[in-house]
Novice: 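Sharing a structure here in structure tokens format.
In what follows, chains carry the letters A, B, and so on, assigned in the order in which the sequence lines appear, proteins first and then strands, with residues in each chain numbered from 1.
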2 protein chains.
Amino acid sequence: MRLFAQHGYAAVSMRQIARDVGVQAGALYNYTPDKQSLLFDLMQTHMGDLLAARAELPMEPDPVAALKAFARLHLRFHAERPDEVFIAYMELRNLSDDNFTKIEEMRRAYEDQLEAILRAGIEQGVFRVADSKIATMAAIAMLTGVNTWFRQGGRLSLSEVEQIYWEMLRQAVGAQSE
Amino acid sequence: MRLFAQHGYAAVSMRQIARDVGVQAGALYNYTPDKQSLLFDLMQTHMGDLLAARAELPMEPDPVAALKAFARLHLRFHAERPDEVFIAYMELRNLSDDNFTKIEEMRRAYEDQLEAILRAGIEQGVFRVADSKIATMAAIAMLTGVNTWFRQGGRLSLSEVEQIYWEMLRQAVGAQSE
DNA sequence: GTCTATATGAAGATAGAC
DNA sequence: GTCTATCTTCATATAGAC
């Protein structure tokens, strides 16, 4: 995962991976059928963990509370896993067709959860956005973008960053402060 | 550019490029000293075009108007160049150290322009955001995210998308509608 | 379960004829 | 300016000894 995140899947050789874990290249094939499976397993595990974390959130009847919980989870989950997230976004095109389809389904399922929250809030009149689909994509892009700059131990703590992003997201969807 | 965007820099061979443009591999070296220069030139041209387009925007004394103009430019510029943008974001790690530094400087210069607008608006009390740096990164991430889903000729026109994103961004930074 | 050795192919880049 | 041919290195993956 570290090597793929740093150099990219295509640029990393099985020999590099073997050197990094302290075996010869041939020995890797006792653990994986091929290089593609290494990438797919990383991405499938990542998306599975994300969906599981989402499923563990308590049900929130209030759309604002639900959005806040979703946003906090998304931001924290991503900020804590820079390598996994980088791979999940950058290496989609290096998946085989079958594997790509599976990962895309998981991603779609996750996005649908956010859109459901936004739709509920729009129906109840607590969110003011013109298009739930665009708002979904905008929210995810904004929150995931934290990984382009945030580093643990920097100017701001993760809690502070969560708070600031939540305020911006809350305003973006036109929700009143709680 | 098309091949790099589709398969990734590392996964594209000089032979593939040659086949695509209709020459033999050796002939490419009459046009470029090496593969790295192809990537760097694409990215440098892209960032240069972006900075030039930004520089051509009229000066707006009102921070809200300035932000709106910046957002429209950013969104349109990116939506119209999916391949260039994809490469500019995904292939940074495949640049040599020197080339990476040059591209990063250009990106930083661009981000600084947005942050200056946000700072001015905060000082004048027309924006309500906790941190101008985070707001800068959030705004850019949100707008650039349009490339993950927008396609010309889809459900929404670029003008409609511009309008919807602007409303969300305006609300996100706490600005009143004009 | 790891090793060495290797099969097989493709990579970036260059040389030199035309 | 393009070609063919080639240098050199590296790739994924497998075979078979230990």
Novice: Strictly by modelled atom types, are B:Glu111 and B:Thr136 linked by a side-chain donor-acceptor pair under 3.5 Å?
Specialist: no
Novice: Could you state the atom-to-atom distance from OH of B:Tyr31 to P of C:dA13 in whole Å?
Specialist: 17 Å
Novice: Using whole Å, what does the distance between atom P of nucleotide D:dA11 and atom CD of A:Gln36 come to?
Specialist: 18 Å
Novice: Once you round it to whole Å, what is the distance between P of C:dG12 and CG of B:Leu38?
Specialist: 10 Å
Novice: Go through B:Ser37 and B:Asp34 one step at a time and tell me if the side chain to side chain donor-acceptor pair (under 3.5 Å) criterion holds.
Specialist: CA-CA 6 Å; B:Ser37 298; B:Asp34 49 33; 2.8 Å; yes
Novice: Is it the case that more than 12 heavy atoms not belonging to B:Arg72 sit under 6.0 Å from its CZ atom?
Specialist: no
Novice: For a quick check under 3.5 Å, do B:Gln171 and A:Arg128 share a side-chain donor-acceptor pair by atom type?
Specialist: yes
Novice: What nucleotide, of C:dA11, D:dC3, C:dG1, holds the atom closest to the side chain of B:Arg15?
Specialist: C:dA11
Novice: Measure the distance from CG on A:Leu28 to C1' on D:dA11 and round it to the nearest whole Å.
Specialist: 14 Å
Novice: Counting only side-chain nitrogens and oxygens, does B:Tyr29 get under 4.0 Å of the OP1 or OP2 atom of D:dT2?
Specialist: no
Novice: When the distance from CG of B:Leu39 to P of C:dG12 is rounded to whole Å, what number comes out?
Specialist: 13 Å
Novice: To the side chain of A:Asp34, which of C:dC3, C:dG1, D:dA13 is closest?
Specialist: D:dA13
Novice: Distance check: side-chain N/O of B:Gln24 vs OP1/OP2 of D:dT4, anything under 4.0 Å?
Specialist: yes
Novice: Side chain of B:Lys35 only, please: which of C:dG1, C:dA13, D:dG1 is the nearest?
Specialist: C:dA13
Novice: Please state how far atom CD in A:Gln16 lies from atom P in D:dT9, giving the value in whole angstrom units.
Specialist: 17 Å
Novice: Between A:Asn30 (CG) and D:dG16 (P), how many Å, whole number?
Specialist: 15 Å
Novice: I'd like to know if the side chain of B:Glu91 pairs up with that of B:Asn94 as donor and acceptor (distance under 3.5 Å, no hydrogens or angles considered).
Specialist: yes
Novice: Does A:Pro33 or A:Ser13 map to a spot on DNA chain D nearer the 5' end, using the closest nucleotide for each?
Specialist: A:Ser13
Novice: Would you mind reading off the distance between B:Met14 atom CE and C:dA10 atom C1', rounded to a whole angstrom?
Specialist: 14 Å
